[in-house]
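Okay, structure first, notes after.
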Amino acid sequence: MAVSLKASKAGLEIVDAARRKKGWTKTAAAWSDKALVGKAGLRRFWRRIPITQENFVRICQAVGVENWQEIVDDTAPAPAPTSASNDQLEYQWEIQLQATIEDTVKEEIDQLVFRIQQLSANVMLKQQKIDLAAAEVAQNWQPETAVRSPSRQSRSRSAKGILPEGTITRAKEIDLGGGEKVVLVAQLTPETESEVGAIVDVEPAEDARYLPAGLQVAILDESDEIVLEDSAGEVDDSMRFEFGMEPGELIAIRVSLGDVTIAQEL
């Protein structure tokens with residue numbers, strides 16, 4: 001069975017200092033490409049979820065930490081004794097568990113998962129972070145026809161043509177106060193079993209011609225790292241962001257104008 005490793009808290013501080021020197025985010029494409037692990041692997045590394053030793057080493061070395069051994073959390077339990085081969089067993093157990101836990105006990109759950117991974121080479125794990133603060137923000141996305149102006153809808157239909165199968169399009173009006181409003185339009189298209197293509201358009205609300213000057217928009221990953229960002233000038237009538245995400249991944253759209261900032265979960 002492959003050896004799995006996870007970082008210690010002190011080890012993460014060393015890696016964090018090294019990635020800051022390079023100017024990388026925690027899931028920078030340059031880092032994932034160099035380490036050959038993908039952004040999902042980097043996210044597991046930062047959450048201190050055990051990953052294969054090969055990926056662990058590559059992540060450390062790619063950011064300039066050659067002594068990867070000092071990053072390892074060595075407090076994990078020792079591997080379990082080798083179990084009997086399948087032909088010596090009368091039956092096996094398949095266990096499925098779904099639960100919602102408090103963030104304060106997340107590390108204990110990670111240790112439990114690590115132990116299960118030591119006992120079985122066939123473990124499938126899916127975790128999703130639920131941001132309670134973001135959940136308090138109004139989340140009612142609507143059909144784009146209910147939010148976009150008729151002129152915008154007409155232009156959109158002409159530009160899009162035939163959408164790929166499985167594509168979901170939804171919209172949300174954001175009130176920034178002072179009579180300033182914008183519309184977020186999200187288009188999500190499943191591309192593979194592990195990736196969803198996302199397009200987020202930011203448009204003027206109602207029949208306004210331009211976006212508010214100085215409007216700032218950022219796409220944030222589940223570590224609150226900025227993936228993409230842009231700002232509107234005096235005569236910008238739209239902004240577009242295109243990126244990939246994993247199914248169930250928590251992505252937020254942060255919209256700021258003056259002293260007002262609103263985060264909208266995608």
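For the numbers below, each heavy atom of this structure counts, side chains included, while hydrogens, waters and symmetry mates do not. Not measured: the values here are computed from a predicted model. Throughout, residue positions are numbered sequentially from 1 according to the sequence presented.
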With the side chain counted from C-beta on, respond yes when [X] and [Y] share a heavy-atom pair under 4.5 Å apart, and no when they do not.
{"X": "I253", "Y": "I219", "result": "yes"}
{"X": "V185", "Y": "V200", "result": "no"}
{"X": "I14", "Y": "I71", "result": "yes"}
{"X": "D230", "Y": "V217", "result": "no"}
{"X": "V183", "Y": "I174", "result": "no"}
{"X": "F45", "Y": "K6", "result": "no"}

Please find the pair of heavy atoms, one from [X] and one from [Y], that lie closest to each other, and give the distance.
{"X": "K172", "Y": "W141", "answer": "CB-CE3, 3.6 Å"}
{"X": "E180", "Y": "P212", "answer": "OE1-CG, 3.4 Å"}
{"X": "S231", "Y": "M239", "answer": "N-CE, 3.7 Å"}
{"X": "P204", "Y": "R209", "answer": "CG-O, 3.7 Å"}
{"X": "P190", "Y": "L188", "answer": "CD-O, 4.0 Å"}
{"X": "L12", "Y": "A7", "answer": "CD2-CB, 3.6 Å"}

Centre of W46's six-membered ring, under 6.0 Å away, within 45 degrees of the axis: is that where NZ or CZ of K26 sits?
yes
Would you compute the distance between atom [atom1] of [X] and atom [atom2] of [Y] and round it to the nearest 0.5 angstrom?
{"X": "E54", "Y": "L5", "atom1": "CD", "atom2": "CG", "answer": "11.5 Å"}
{"X": "L211", "Y": "D237", "atom1": "CG", "atom2": "CG", "answer": "7.0 Å"}
{"X": "W24", "Y": "D16", "atom1": "CH2", "atom2": "CG", "answer": "13.0 Å"}
{"X": "Y210", "Y": "L215", "atom1": "OH", "atom2": "CG", "answer": "15.5 Å"}
{"X": "R19", "Y": "T25", "atom1": "CZ", "atom2": "OG1", "answer": "7.0 Å"}
{"X": "L176", "Y": "E173", "atom1": "CG", "atom2": "CD", "answer": "10.0 Å"}

Could you go step by step and tell me if D201 and S238 meet the side-chain hydrogen bond (donor to acceptor under 3.5 Å, both in side chains) rule?
CA-CA 7 Å; D201 289 316; S238 66; over 6 Å; no
Tell me, with the steps shown, if R43 and T27 meet side chain to side chain contact (heavy atoms under 4.5 Å, CB included).
CA-CA 7 Å; R43 281 191 285 268; T27 56; 3.7 Å; yes
Under the 3.5 angstrom rule, does the side chain of [X] hit a backbone N or O of [Y] as a donor-acceptor pair?
{"X": "W31", "Y": "I59", "result": "yes"}
{"X": "D236", "Y": "G233", "result": "yes"}
{"X": "R254", "Y": "Q264", "result": "no"}

State whether the number of non-hydrogen atoms from other residues, nucleotides or ligands found under 6.0 Å of E66 atom CD is greater than 12.
yes
Answer yes or no: are there more than 12 heavy-atom neighbours, outside I168 itself, under 6.0 Å from its atom CD1?
no
Under the side chain to side chain contact (heavy atoms under 4.5 Å, CB included) rule, what do D73 and R48 come out as? Steps first, then yes or no, please.
CA-CA 9 Å; D73 182 354; R48 302 182 63 227; 2.9 Å; yes
Applying a strict under-4.5 Å side-chain criterion to I, L, V, M, F, W and Y, I'd like to know whether I199 and V255 cluster together.
no
Would you sort out whether L228 and F243 count as a side chain to side chain contact (heavy atoms under 4.5 Å, CB included), showing the intermediate values?
CA-CA 8 Å; L228 296 168; F243 53 94; 4.0 Å; yes
Kindly determine whether E229 and I226 satisfy side chain to side chain contact (heavy atoms under 4.5 Å, CB included), including the steps that lead there.
CA-CA 7 Å; E229 61 181 335; I226 295 177; 3.8 Å; yes
